[in-house]
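Working notes for the structure below.
The figures that follow rest on heavy atoms only: side chains count, while hydrogens, waters and symmetry mates do not.
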Amino acid sequence: MDLNYYINIANNLLQDNTYYEKVKNYNQSKIKNKLIACIHLLRKGLTDKECDYLTNFKCKSSNFYGLPKIHKSNVIRESCKNSKSECVNIPHPNDLKLRPIVAGPSCETHRLSNFLDILLKPILKHIPSFVRDDLDMLNHLPRTVCKDSIMVSFDVVNLYTTIPHEYGLTAIEFWLEKFPSEVPDRIEKKFIIEGIKFILQNNYFNFNGES
């Protein structure tokens with residue numbers, strides 16, 4: 001895949017302003033300062049070590065890249081089917097799409113995200129629809145599906161970007177209220193909800209020199 005072709009199909013994805021917005025004044029240090037202020041405002045119940053972990057680190061901006069969905073391209077599929085060679089050369093398939101990935105292992109919100117993930121993970125075992133991985137799915141099916149059932153799968157388009165923030169937060173609040181004992185007593189619900197809001201509202205990334 002040549003560079004210009006890759007950039008063009010990535011930009012076609014990112015130009016959907018339903019989910020993405022280009023910003024001209026992205027300031028990483030300003031976001032980091034907002035994070036520090038947010039943590040100190042909500043720090044009740046947190047230890048000094050936890051506050052230090054959440055605020056005291058060097059951060060780098062997140063970067064966007066896309067994984068080619070070659071298995072969903074009819075052009076590639078047909079070319080592979082009809083090819084008599086092990087190497088299939090298709091320079092610019094017109095139906096190729098990307099799976100968007102935002103890599104931010106050191107971004108402004110990565111430690112807060114990790115901390116909230118640790119806090120919320122114990123609740124997952126109570127959620128009937130949660131499936132951890134393929135093996136979990138295979139173990140789950142015999143207990144819940146009869147042998148005569150017809151299995152149907154659905155593919156959700158742009159799953160994470162199509163979840164409205166308010167619905168996601170409502171779901172988190174619901175499970176926190178239903179199983180409060182799964183979160184340490186010293187951690188306030190407000191810290192979790194406001195922390196998630198901060199992450200959702202400060203989700204910046206760079207691509208091809210733009211934010």
How about CG on Asp134, more than 12 heavy atoms from neighbouring residues, nucleotides or ligands closer than 6.0 Å, or not? no
Value for OH (Tyr204) from CD1 (Ile31), rounded to nearest 0.5 Å, stands at 4.5 Å
Tyr26 vs Asn206, side-chain hydrogen bond (donor to acceptor under 3.5 Å, both in side chains): CA-CA, chis, key distance, verdict: CA-CA 10 Å; Tyr26 167 59; Asn206 297 322; 5.7 Å; no
Quick check: does any side chain N or O of Tyr19 sit under 3.5 Å from a backbone N or O of Leu14, one acting as donor and the other as acceptor? no
On the 0 to 90° scale, with breaks at 30° and 60°, tag the Phe207-Phe64 ring pair as parallel, tilted or perpendicular. perpendicular
To the closest 0.5 Å, what do you measure between OG1 (Thr55) and CZ (Phe57)? 7.5 Å
For the atom pair CD1 (Ile187) and CG (Leu176), what is the distance rounded to the nearest 0.5 Å? 11.5 Å
Where Glu182 and Pro122 come nearest, the two heavy atoms and their spacing: OE1-CB, 3.5 Å
Side chain Ser79, main chain Val75, donor-acceptor under 3.5 Å: yes
Note: Leu98 and Lys69 closest approach over all heavy atoms is O-CE, 3.8 Å
Atom NZ of Lys190: over 12 foreign heavy atoms under 6.0 Å: no
Does any non-hydrogen side-chain atom of Ser211 lie less than 4.5 Å from one of Lys22? no
Please determine whether the number of non-hydrogen atoms from other residues, nucleotides or ligands lying under 6.0 Å from atom NZ of Lys125 exceeds 12. yes
Do Leu54 and Cys51 touch side chain to side chain, with heavy atoms closer than 4.5 Å? no
Measuring from atom CD of Glu194 to atom CD1 of Ile192, what distance do you get when rounded to the nearest 0.5 angstrom? 11.5 Å
When you look at Asn33 and Lys30, which way does the side-chain contact (heavy atoms from CB on, under 4.5 Å) test go after all the steps? CA-CA 5 Å; Asn33 289 335; Lys30 186 176 180 180; 5.6 Å; no
Ser73 side chain to Ile70 main-chain N or O, any donor-acceptor pair under 3.5 Å? no
Would you check if Leu119 and Phe191 make a side-chain contact, meaning some heavy-atom pair closer than 4.5 Å? yes
With rounding to the nearest 0.5 Å, note down the distance linking CZ in Phe198 to CG in Leu42. 10.5 Å
Should the heavy atoms of other residues, nucleotides or ligands under 6.0 Å from CD of Glu21 be counted, would the total exceed 12? no
With a 4.0 Å cut-off, would you call Glu188 and Arg43 a salt bridge? no
Has His40 got a side-chain atom pairing as donor or acceptor with Ala37's backbone, closer than 3.5 angstrom? no
Below 4.0 angstrom, N of the basic side chain to O of the carboxylate: do Asp95 and Lys72 qualify? no
Take Leu96 and Tyr5, measure what side-chain contact (heavy atoms from CB on, under 4.5 Å) needs, and give me the verdict at the end. CA-CA 10 Å; Leu96 184 64; Tyr5 173 67; 3.5 Å; yes
Intermediate values then yes/no, side-chain contact (heavy atoms from CB on, under 4.5 Å), Ile196 and Leu120: CA-CA 11 Å; Ile196 294 172; Leu120 294 172; 4.2 Å; yes
Is it true that the side chains of Arg77 and Asn74 contain a donor and an acceptor less than 3.5 Å apart? yes
Derivation and outcome, side-chain contact (heavy atoms from CB on, under 4.5 Å), residues Ile123 and Val183: CA-CA 8 Å; Ile123 296 177; Val183 177; 4.3 Å; yes
Glu177 and Lys189: CA distance, side-chain angles, deciding distance, salt bridge (Lys or Arg N to Asp or Glu O under 4.0 Å) verdict: CA-CA 9 Å; Glu177 290 173 3; Lys189 186 178 76 171; 2.9 Å; yes
Can a donor-acceptor pair be found, under 3.5 Å and without considering hydrogens, that links the side chain of Asn114 to the backbone of His110? no
Within 6.0 angstrom of Asp185 CG, more than 12 heavy atoms from elsewhere: no
Lys/Arg-Asp/Glu bridge criterion (N-O < 4.0 Å) met for Arg111, Asp52: no
Can you tell if the side chain of Pro91 reaches within under 4.5 Å of the side chain of Asp2, non-hydrogen atoms only? no
Exceeds 12 heavy-atom contacts within 6.0 angstrom, atom NZ of Lys32: yes
